[in-house]
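Everything below concerns the one structure shown next.
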Amino acid sequence: MNHASYLIRSASLLGTTTADVLVRDGVIAAVGENLGESAEGATVIDAAGLVALPGMVDLHTHLREPGREDAETVETGTRAAALGGFTAVHAMANSSPVADTAGVVEQVYQLGRESGWVDVRPVGAVTVGLAGEQLAELGAMADSRARVRVFSDDGICVSDPVMMRRALEYVKAFDGVIAQHAQEPRLTAGAQMNEGRVSAVLGLAGWPAVAEESIIARDVLLAQHVGSRLHVCHVSTAGSVEIIRWAKERGINVTAEVTPHHLLLTEELVRSWNPVYKVNPPLRADADVHALRAALADGTIDIVGTDHAPHPREAKECEWASAAMGMTGLETALSVVQETMIESGLMTWADFARVTSTAPAAIGRLSGQGRPLEVGEPANIVLVDPAARWNVDPSAMATKGRNSPFAGMELPGRVVATFFHGHPTVLGGKLNSPYVHGAI
Ligand SMILES: [Zn+2]
C-alpha cells in the first residue's frame, strides 16, 4: 500500500473551479482553497493552469498478451495507458490463446496487477476461439477473480443472430454487456477501405456503411427483445448514429463508442497508400466525421474508446493489401479529443470527463473508477496542461506499436501527471513508478 500524500495545488477541477486537492492513503482526503496548512508532510505539486480530471477509462484496448508479445505486452500497453492519462483499460479478448476461459482472463488480470500502472479489466470472448460457433464460458469468466462484465469477439462480428441472442440472454444473469464489432461479414469480404468515391478511384474493395448499420439495427432490436445490455464498438458512420439515436429514443438499453481516429481522420488519407491509415472499421467520409462529433456531443454516442491496436513494424510497413488493420491510440486519445471536441467548442472538460471516464467505467461496471473528484473517492486523477502543444512522435512512445496515424501532427494537451490509487504513476509528463498493490 502507498501512504504518501500529495497536495495538488490550484488545479482547475474539470476546467471550472480552481482548488487544491489533498491526496492521502490512496483517496481524496480534502478539496478546497489553501489546503497547505492541513497538508503537512505532503509532496506539493503546483497545478496552476492545469485541468484535473478523473483518470480516463478505456473500454477498448488491445494489449496483445498472451501470445502476441511482439506487438504489445500488458507492461508496455499499460505504461502507454498511464502516459495517456488512463487509470483503467479493458483488455480485448483476441489474444492467443483467446480470452475465452476463466484461466486466461485471470492471467491477464494478474499481469495487470503485477505491472501496477493502471487497472486492467479483461474482456471475455463471446464465443469459443472467436469462432462464432459455441458460447464461451461467460459465467465462469464473470465469477472469476477478473470479474468480467464486458464480453466481445472484437475483431470479428458475432454475426449469427441466434448466437447473439443467446449471448445477450446469458449476460443478464450477472449484469454483463455484449460489446459488438458490428460488421456483416458477407458484405465486407475482401474489404480494404471505406466503400465510396475514393475506393472507386483507387480500385479497392470497400466496406459499405450498410455492413455496419444492418448489424447495429438487428442488435438493438435483439437487445430490446431480450431486455439485455448492448454496447456498440467503434461506431463509424452517420447512418449508425441515426439507428442508435432511434434505439435510445425507444428506451433500448444500448451504449455506443467512437474512436479518436474516427473523430479526426477521413478516407482521403488512403490516397497516400500509407498502411498506417488501414483500420477496421475504416476511416469514413467527412460527413461521417461530423455526424460522429455531433453524436458524441449530444450523448447519442456515450464514450470514446481508443481501439488501441499495436502491430509489429513488418505488419504495417508493407504494401496496403497485405498490411494489418489497426492504429495505436492510448498516448494520443486525450489530445485528439481535445482537438476535435473541445477546441471546436462542441464539448467542455466536464463533458470530456463523462465520455472518457464516468460513462466507460459505468458501462464496464468498474468500481473505483470514473468517480467525481470529491472527498473520500479513490484518487484516480489526471492532470492535463491544456495549453501545451506537441508533435506526435511514435518512436518516443511507450507502446511497442509505431503505427500511429497522428505521427508528425501537432496536437494540443499534454498529460502532466496521472495518479493511480493515490500514487503518481506519471509525473512531469514522464513515467514515475508503478503502484504496488497490497495483498489480493
Ligand atoms: Zn473492432
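Start at 1 and go down the list; that is how both ligands and their atoms are numbered. Worth saying up front: this structure is predicted, and the values here are computed from it rather than measured.
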Angle between ring planes, H437 versus H421, binned at 30° and 60°: parallel, tilted or perpendicular?
perpendicular
Establish, from distance only, whether the side-chain atoms of E257 and H231 form a donor-acceptor pair under 3.5 Å.
yes
Let's go through T306 and D58 carefully: what are the C-alpha distance in whole Å and the side-chain angles of both, what is the deciding distance for side chain to side chain donor-acceptor pair (under 3.5 Å) to 0.1 Å, and is it a yes or a no?
CA-CA 7 Å; T306 67; D58 194 12; 2.4 Å; yes
Taking 2.8 Å as the cut-off, does an N/O/S atom of D154 lie below it from the Zn ion (ligand 1)?
yes
From H60, does some N, O or S atom reach closer than 2.8 Å to the Zn ion (ligand 1)?
no
T76 and E72: side-chain donor and acceptor closer than 3.5 Å?
yes
Which N/O/S atom belongs to H181 and is the closest one to the Zn ion (ligand 1)?
ND1
